[in-house]
A.B. asks: 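After the structure tokens below, expect a handful of questions from me.
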Protein chains: 2
Amino acid sequence: MISPYAEPSLMKTPLYRQIQASLKEKITSGVYEEGGLLPSENELCIEFNATRMTVRQALNELVREGYITRQHGKGSTVSASRKSLGLLSLKGWTEVVVASDRHGKTLVLEGPVLRKLEDTAFKPLIDNENHEEFIFFKRLRLVEDSPVMYEHTYIPNENLPNFIKEPLLEGSLFRTLLIKYQIDVQSMTQEVRAVAADKETANLLKIKQKSPVLHLLRKYKTSIDGFFLYSSIYCNTEKFAISSFN
Amino acid sequence: MISPYAEPSLMKTPLYRQIQASLKEKITSGVYEEGGLLPSENELCIEFNATRMTVRQALNELVREGYITRQHGKGSTVSASRKSLGLLSLKGWTEVVVASDRHGKTLVLEGPVLRKLEDTAFKPLIDNENHEEFIFFKRLRLVEDSPVMYEHTYIPNENLPNFIKEPLLEGSLFRTLLIKYQIDVQSMTQEVRAVAADKETANLLKIKQKSPVLHLLRKYKTSIDGFFLYSSIYCNTEKFAISSFN
DNA sequence: ATTATTCTGTTGTCTATACAAGTTGTATAA
DNA sequence: TTATACAACTTGTATAGACAACAGAATAAT
């Protein structure tokens with residue numbers, strides 16, 4: 001496996017996933033504008049040459065991801081991008097910030113480098129697999145030039161040839177995994193705590209030491225069985241809240 | 001409307017909701033034990049006299065609510081009750097604590113009483129409706145006799161005759177709404193922050209003032225259109241984390 | 001003018017069927 | 001004993017169609 005990109009995806013993606021991706025693309029790019037109605041299910045059936053059940057499956061996924069809401073007898077409405085920096089479900093940083101119309105930046109403070117997972121906090125999230133090596137990131141994320149999140153990311157060093165050598169596509173990890181490696185991040189579990197900021201975190205987030213920060217321990221499930229991503233995230237929630245739904 | 005309970009539900013609940021409820025009941029009561037397999041889709045089809053699509057809709061809902069996981073080619077597995085006091089999605093306090101096999105108690109510190117909503121923090125969650133009066137609770141929730149959550153609940157004073165006069169069924173708000181009033185809590189949105197505990201909260205949660213606590217602002221959607229519940233929750237996450245998934 | 005009623009288009013629920021694809025155990029062959 | 005192949009089971013994807021329930025606009029009745 002020398003090719004810079006992974007093998008072109010021969011595994012055919014299901015039709016409903018294609019529809020889902022297509023609609024998502026049109027929503028985030030503004031073709032379907034916020035607050036507006038999507039085409040009706042029957043129209044989508046014609047557009048994608050699919051049955052209503054298939055179209056509905058795509059739409060239900062978009063509801064689950066928070067892109068649309070639906071109303072009986074009316075239609076599917078494009079959700080307003082969450083006002084309080086919705087760090088919801090699957091959405092990676094880049095996507096969220098773009099969608100919420102704020103100016104976001106990501107600084108890579110360290111990495112990507114190979115290292116072992118020493119953070120014991122992850123133990124309860126990791127089930128059986130004992131991965132040897134991880135690709136490690138330290139990133140600081142800013143909104144309108146004020147630091148909001150400090151994140152440590154661990155990715156098992158498998159399935160990702162040349163990952164370390166090349167920059168992220170558009171600065172987005174999720175997007176890079178999807179485009180270059182056909183790895184789709186599908187869901188997430190997390191543990192949430194409120195903790196006092198330690199010295200490093202406080203400095204980076206420009207807050208006082210010991211002030212309350214949100215601590216998220218995340219495990220992302222991907223389209224590759226047994227391949228997970230792990231993140232430990234400290235959030236300054238003075239200006240922005242983390243919003244979620246279910 | 002003098003009858004103590006709401007009219008017997010004449011609105012027929014969809015078949016998939018019935019299946020969903022039946023399976024949920026069997027899971028929480030232990031008929032299907034944790035880590036075990038549910039009957040296959042085809043078996044459930046026979047049991048409930050439904051087609052696979054209908055059964056699958058029920059199963060998908062249970063996945064969304066975190067009761068089961070599914071694996072292609074294998075079956076539906078009953079999820080282990082989340083180790084870290086999973087305060088996930090829709091589950092009310094009672095249900096979570098029972099499921100997680102911990103000894104939980106709820107103290108009603110104040111209420112239910114009628115009052116207006118003065119907490120300005122809810123403003124961003126409330127869209128259009130200006131409810132006049134709310135049924136208000138102050139509750140403290142304990143796990144193994146140590147206080148973990150301090151919660152303010154606001155329920156619009158509509159659709160709930162005699163609510164204040166009678167105790168909650170099995171101490172559970174959600175269960176009371178479902179059984180007595182046929183109101184099903186279906187989903188939730190929330191904003192999450194880390195804040196410093198004020199004096200009252202610190203005292204109740206038995207922690208030091210200004211120590212970090214999790215603050216959750218929740219809006220619950222119900223089966224009645226336009227009828228929402230609101231909660232402001234402070235959590236001590238020293239011992240327990242809030243876990244969620246999506 | 002206002003209020004009902006009807007109509008049309010939408011999403012919600014459900015049936016019946018088919019084939020694809022993953023998992024597991026069993027039988028067979030090396 | 002160890003592979004290999006197969007069979008039987010599971011869930012995943014998809015088609016085609018039907019009727020119910022809801023929203024909103026157009027129409028008819030008052």
Side-chain angles (χ1 to χ4, degrees), chain A residues 9-23 32 35-64 67-79 128 184 186-187 221-227, chain B residues 9-23 32 35-64 67-79 128 184 186-187 221-227:
Chain A
S9 174
L10 291 179
M11 55 173 189
K12 60 164 185 259
T13 53
L15 179 53
Y16 81 91
R17 291 274 180 211
Q18 297 176 38
I19 298 174
Q20 178 187 356
S22 169
L23 292 175
Y32 299 136
L37 284 177
L38 251 53
S40 76
E41 294 178 355
N42 283 321
E43 289 171 315
L44 293 173
C45 288
I46 296 171
E47 177 179 345
F48 293 102
N49 192 33
T51 56
R52 254 189 86 208
M53 290 304 294
T54 305
V55 167
R56 284 177 63 79
Q57 198 167 352
L59 292 173
N60 285 334
E61 288 294 309
L62 291 177
V63 169
R64 194 178 63 80
Y67 286 94
I68 63 173
T69 59
R70 320 188 65 200
Q71 199 189 342
H72 194 169
K74 201 174 178 188
S76 301
T77 307
V78 177
S79 296
N128 35 7
D184 192 21
Q186 294 178 329
S187 66
K221 186 182 182 304
T222 69
S223 48
I224 295 185
D225 203 67
F227 185 71
Chain B
S9 174
L10 291 179
M11 55 172 189
K12 62 162 185 261
T13 53
L15 180 53
Y16 81 91
R17 291 273 179 211
Q18 297 176 38
I19 299 174
Q20 177 188 355
S22 170
L23 293 175
Y32 299 136
L37 285 176
L38 250 52
S40 75
E41 294 178 355
N42 283 320
E43 289 172 314
L44 293 173
C45 287
I46 296 171
E47 177 178 346
F48 292 102
N49 192 32
T51 56
R52 255 189 83 207
M53 290 304 295
T54 305
V55 167
R56 283 177 63 79
Q57 198 168 353
L59 292 173
N60 285 334
E61 288 293 308
L62 291 177
V63 169
R64 193 178 64 79
Y67 287 93
I68 64 172
T69 60
R70 319 187 66 198
Q71 199 190 340
H72 192 171
K74 203 173 178 190
S76 301
T77 307
V78 178
S79 296
N128 36 8
D184 192 21
Q186 294 177 331
S187 68
K221 185 180 181 305
T222 70
S223 49
I224 294 184
D225 203 67
F227 185 70

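To find a chain, count down the sequence lines: A is the first, B the second, and so on, and within it residues start at 1. As the structure is a computational prediction, the values presented were derived from the model and not from experiment.
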A.B. asks: Who are the side chain to side chain contact (heavy atoms under 4.5 Å, CB included) partners of B:Ser40, not counting sequence neighbours?
C.D. replies: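 B:Asn42, B:Glu43.
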A.B. asks: What residues in residues 14-23 of chain A put a non-hydrogen atom under 4.0 Å from any atom of DNA chain C?
C.D. replies: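 Within this stretch, nothing sits under 4.0 Å of the strand.
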A.B. asks: Determine the minimum heavy-atom distance between A:Ile19 and A:Ala50, stating which atoms define it.
C.D. replies: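 Here A:Ile19 and A:Ala50 meet closest at CD1-CB, 4.1 Å.
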A.B. asks: Does B:Thr77 have any side chain to side chain donor-acceptor pair (under 3.5 Å) partners at least two apart in sequence or in another chain, and if so, which?
C.D. replies: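 Partners of B:Thr77 by the side chain to side chain donor-acceptor pair (under 3.5 Å) criterion come out as none, since no residue qualifies.
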A.B. asks: Which residues pass the side chain to side chain donor-acceptor pair (under 3.5 Å) test with A:Gln71, not counting sequence neighbours?
C.D. replies: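 If we apply the side chain to side chain donor-acceptor pair (under 3.5 Å) test to A:Gln71, skipping adjacent residues, there are no hits.
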A.B. asks: Using side chain to side chain donor-acceptor pair (under 3.5 Å) as the criterion, list what pairs up with B:Thr69, not counting sequence neighbours.
C.D. replies: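 By the side chain to side chain donor-acceptor pair (under 3.5 Å) rule, B:Thr69 matches no residue at all.
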A.B. asks: Run the side chain to side chain contact (heavy atoms under 4.5 Å, CB included) test against A:Arg70 and tell me which residues pass, sequence neighbours left out.
C.D. replies: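 Partners of A:Arg70 under the side chain to side chain contact (heavy atoms under 4.5 Å, CB included) test: A:Glu41, A:Arg56, A:Leu59, A:Asn60, A:Val63, A:Ile68, A:Ser76.
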A.B. asks: At a heavy-atom distance below 4.0 Å, which nucleotide of DNA chain D is the first touched by chain B, and which is the last?
C.D. replies: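 Footprint of chain B along DNA chain D, 5' to 3': D:dT10 to D:dA21.
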A.B. asks: Output the residues of residues 56-63 of chain B in contact with DNA chain C, where contact means a heavy atom of the residue under 4.0 Å from an atom of the strand; sort by number or write none.
C.D. replies: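 Residues of residues 56-63 of chain B under 4.0 Å from DNA chain C: B:Gln57.
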A.B. asks: Can you name the residues that form a side chain to side chain contact (heavy atoms under 4.5 Å, CB included) with B:Glu61, not counting sequence neighbours?
C.D. replies: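 B:Glu61 satisfies side chain to side chain contact (heavy atoms under 4.5 Å, CB included) with B:Tyr16, B:Arg17, B:Gln20, B:Arg64 only.
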A.B. asks: Rounding to a whole Å, what distance do you find between A:Arg70:CZ and C:dT11:P?
C.D. replies: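 Those two atoms, CZ and P, are 6 Å apart.
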A.B. asks: Tell me the interatomic distance from B:His72, atom NE2, to C:dG22, atom P, rounded to whole angstroms.
C.D. replies: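 For the pair B:His72 NE2 and C:dG22 P, the rounded distance is 6 Å.
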A.B. asks: Under 4.0 Å from OP1 or OP2 of C:dT10: is there any side-chain N or O of A:Gln71 that close?
C.D. replies: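 For C:dT10, OP1/OP2 do not have a side-chain N/O of A:Gln71 under 4.0 Å.
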A.B. asks: If I take atom CE in residue B:Met53 and atom C1' in nucleotide C:dT17, what distance separates them, rounded to the nearest angstrom?
C.D. replies: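 Spelled out: CE on B:Met53 to C1' on C:dT17 is 12 Å.
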A.B. asks: List the residues meeting side chain to side chain donor-acceptor pair (under 3.5 Å) with B:Thr54, not counting sequence neighbours, and say none if there are none.
C.D. replies: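 Here the qualifying residues are B:Thr51.
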A.B. asks: For DNA chain D, determine which residues of residues 35-52 of chain B have any heavy atom closer than 4.0 angstrom to one of its atoms, and list them numerically.
C.D. replies: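 Within this stretch, B:Ser40, B:Glu41, B:Arg52 sit under 4.0 Å of the strand.
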A.B. asks: What is the distance from atom CZ of B:Phe48 to atom CG of B:Leu23, rounded to the nearest 0.5 Å?
C.D. replies: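 Going from CZ on B:Phe48 over to CG on B:Leu23, the span is 4.5 Å.
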A.B. asks: Report the end-to-end axis angle of the helix from C:dA1-D:dT30 to C:dA30-D:dT1; each axis comes from five terminal pairs, and the value is rounded to 10°.
C.D. replies: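 Computed angle between terminal axes is 0°.
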